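The structure appears right after this line, and notes come after that.
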Amino acid sequence: MRLRGLIVVTAASAIILLAAGPPTIQAQTGDPIRVAEQTKKAAPQNKKDAGKKAEAKKSAKKSATKSQPTPGAYAAMPIAERAAIQFDLNWTNHYTGPADGDFSERSVNAVKAFQKDRGFQETGVLTANEREALATSALNRRERVGWRMVEDRATGAQIGLPTNRATHESRARSGTRWQSAQGQFQIETFRIREPGATLATVFEDQKKEPPNRQIRSSAMRGNTFVITGMQGLKYFLVRAEVRDLEIRGVTVLYDQAIENTTDYVALGVLSAFAPFPGTGVMALIGPPARSRIEYGTGIVVTSSGHIVTDRQITEGCSVLQVAGHGDASRIADNGSLTLLRVFGASALMPAALVHEGAAASALTLVGIADPQAQGGERAASTVTASLGGDSLEPPPRPGFAGAAAVDAQGRIFGMVTLKAPILAGAGATTLPPATVVPVNVIRKFLDSQYVTPATGRSGIDAARASVVRVICVRR
């Protein structure tokens, strides 16, 4: 589903929904868009005026056709690229329509708006340099908020999360809730499959529940709907879709005080929401490139500079560095493990990889979170997790690939490793699930490279001292 015909518009302090074509649509009296439409459709005073207006309109349209680009200029472009441009324009706050690859005049005007803001010639068609500038601007914004696609296990949907803002996760009534520490920004999923529930009934229910919702705009078209308005003192947006008698949706709420820095994030959440397989903008765009700069954690295993980390983090790197210690050389790879070495490094504290009997229950992950999540710092931190089968629950936060997994007795159980790579800002896949490589596997890998891990003390503090930040730079 491409959300075709449904357009979310941010205008001053209001969020309004428009619908193109013949969808069911409702708008509140006084809606500025509705007023504009009524004014535009007002009847002329007499036939003479009507004739003049028609002629002027025809002349203007003819002139515009000669001087301005039309959506046809994008017709030869693959739909994936058109959708990617629209999604990037969502993030730069120049386009408030759906990123569905349907490049209308609205999309062309959004390109012009971007060109104008950046001082480019307003042609409506992006040059290669302008396209790169747009992609970079959008990617920077996504990376700034920690944008990642994650799988919502409660509903089965995939959702784009600004992980630096939505830092607290909890179970909701029929889905999952993510929110900021003080609740200024919230994202909640829902799943409805019950007798008598249809898209139309859920559409009406969502407009009435909770009771403090004030609907500014709502539209239902085909198998999806979008509702926007105010919920108390917060803006809210809802999008839902039906398939096989099941309705899955997402709600975004945020305070008016953060409107200017959150409008485009909320729109990104709606655009990227994939309630069912093959839906959402990411199904059109396809897998993105790996992040240009990626951060992970490494465990120091010798005082002479040997460090073991997650192989996924080091794939395709033109430069590998260990923060505070300089460039790192890749010594060997094996399965999900990579052995690095920093030559000439000092003050490295090796971990104690000797407790092969460590237990997997109640693990504490000791790693260094992505710098965007800690104001550019590189402090080690801890999170709790459990290993169910071969999967860590919950999945580790960005930066924790390669982190030490410590058991309840303070013994290193193993190392966190991702099952798939984290992809760049558009985030077209889920935040990868992770597992733990047991310490005995790590020791065998080191033995194969004739590296004898140092002995040392156990405990969380010792693990903190033994982890370092690994930085991968890709070209």
Side-chain angles (χ1 to χ4, degrees), residues 1-10 14-20 22-29 31 33-34 96-98 152 154-161 166 170-179 183 185-256 262-263 265-276 279-280:
M1 202 296 298
R2 299 182 185 175
L3 205 62
R4 188 178 299 278
L6 299 180
I7 303 169
V8 178
V9 180
T10 56
I15 301 175
I16 301 146
L17 179 110
L18 301 181
T24 303
I25 180 168
Q26 300 175 355
Q28 298 296 317
T29 303
D31 183 313
I33 300 299
R34 179 170 181 164
T96 53
D152 177 26
T155 65
Q158 290 186 4
I159 183 167
L161 284 183
S170 60
R171 187 65 188 266
R173 184 172 62 179
S174 60
T176 306
R177 180 184 298 112
W178 297 267
Q179 65 180 35
F185 180 81
Q186 300 174 29
I187 299 171
E188 183 173 323
T189 58
F190 59 88
R191 174 179 176 269
I192 300 172
R193 187 182 182 94
E194 55 190 44
T198 66
L199 189 68
T201 61
V202 175
F203 180 57
E204 294 302 322
D205 289 344
Q206 286 289 318
K207 289 188 288 184
K208 301 172 185 175
E209 184 68 30
N212 64 341
R213 279 187 174 171
Q214 299 177 8
I215 308 305
R216 297 303 304 270
S217 301
S218 60
M220 182 169 65
R221 183 182 180 89
N223 64 343
T224 190
F225 69 71
V226 175
I227 305 171
T228 71
M230 297 294 296
Q231 183 171 315
L233 298 178
K234 286 182 168 62
Y235 294 122
F236 84 90
L237 302 87
V238 180
R239 177 187 165 192
E241 183 173 327
V242 63
R243 178 184 289 183
D244 299 330
L245 303 179
E246 181 169 303
I247 299 151
R248 298 178 184 178
V250 62
T251 303
V252 184
L253 298 99
Y254 56 100
D255 286 357
Q256 299 175 59
T262 309
D263 275 345
V265 179
L267 188 59
V269 173
L270 257 66
S271 291
F273 180 60
F276 301 98
T279 61

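These figures come from a predicted structure and were not determined experimentally.
You'll find the side chain of Q231 reaches within 4.5 Å of the side chain of P210, heavy atoms only. At least one side-chain heavy atom of E209 sits under 4.5 Å from a side-chain heavy atom of P211. Residues I187 and Y254 are not in side-chain contact: their nearest non-hydrogen atoms beyond the backbone lie 4.5 Å or more apart. Contact of the F273 side chain with the E241 side chain is not registered, since no non-hydrogen atoms from C-beta on lie closer than 4.5 Å. At a threshold of 4.5 Å between non-hydrogen side-chain atoms, the residues V252 and F185 count as touching. A 4.5 Å side-chain heavy-atom check between N223 and R243 finds every atom pair outside the cut-off. By the 4.5 Å heavy-atom criterion applied to side chains, Q214 and R216 are not counted as neighbours. Annotation: side chain of K207 is not in contact with side chain of R213 (no heavy-atom distance under 4.5 Å).
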message: What verdict does the side-chain contact (heavy atoms from CB on, under 4.5 Å) test give for L233 and Q256, after you've listed the backbone C-alpha separation in whole Å, the side-chain angles of each residue and the deciding distance to 0.1 Å?
response: CA-CA 7 Å; L233 298 178; Q256 299 175 59; 4.1 Å; yes

- prompt: Taking it one step at a time, do Y235 and T262 satisfy side-chain contact (heavy atoms from CB on, under 4.5 Å)?
  reply: CA-CA 10 Å; Y235 294 122; T262 309; over 6 Å; no

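When all heavy atoms of I192 and A197 are compared, the closest pair comes out as CG2-CB, 3.9 Å. Between A166 and W178, the shortest heavy-atom distance links the atoms CB-CB, 3.7 Å.
In this structure, OG1 on T96 lies 12.0 Å from CG on L270, to the nearest 0.5 angstrom. Between the OG1 atom of T189 and the CD atom of Q158 there is a distance of 12.5 Å, given to the nearest 0.5 Å. F276 CZ to D244 CG: the interatomic distance, rounded to the nearest 0.5 Å, is 7.5 Å. Atom CZ of residue F225 and atom CD1 of residue I247 lie 7.5 Å apart, to the nearest 0.5 angstrom. Once rounded to the nearest 0.5 Å, the distance linking OG of S174 with CZ of R193 reads 14.0 Å.
When atom types are taken as modelled, the side chain of R173 and the backbone of F190 share no donor-acceptor pair closer than 3.5 angstrom. Formation of a donor-acceptor pair under 3.5 Å by the R248 side chain with backbone atoms of T155 is found in this model. When atom types are taken as modelled, the side chain of R171 and the backbone of G175 share a donor-acceptor pair closer than 3.5 angstrom.
Applying the side chain to side chain contact (heavy atoms under 4.5 Å, CB included) test between D152 and each of L161, T176, V250 identifies T176 as the sole match. Exactly one of T228, T224, T251, V269 qualifies for a side chain to side chain contact (heavy atoms under 4.5 Å, CB included) with R239. That residue is T224.
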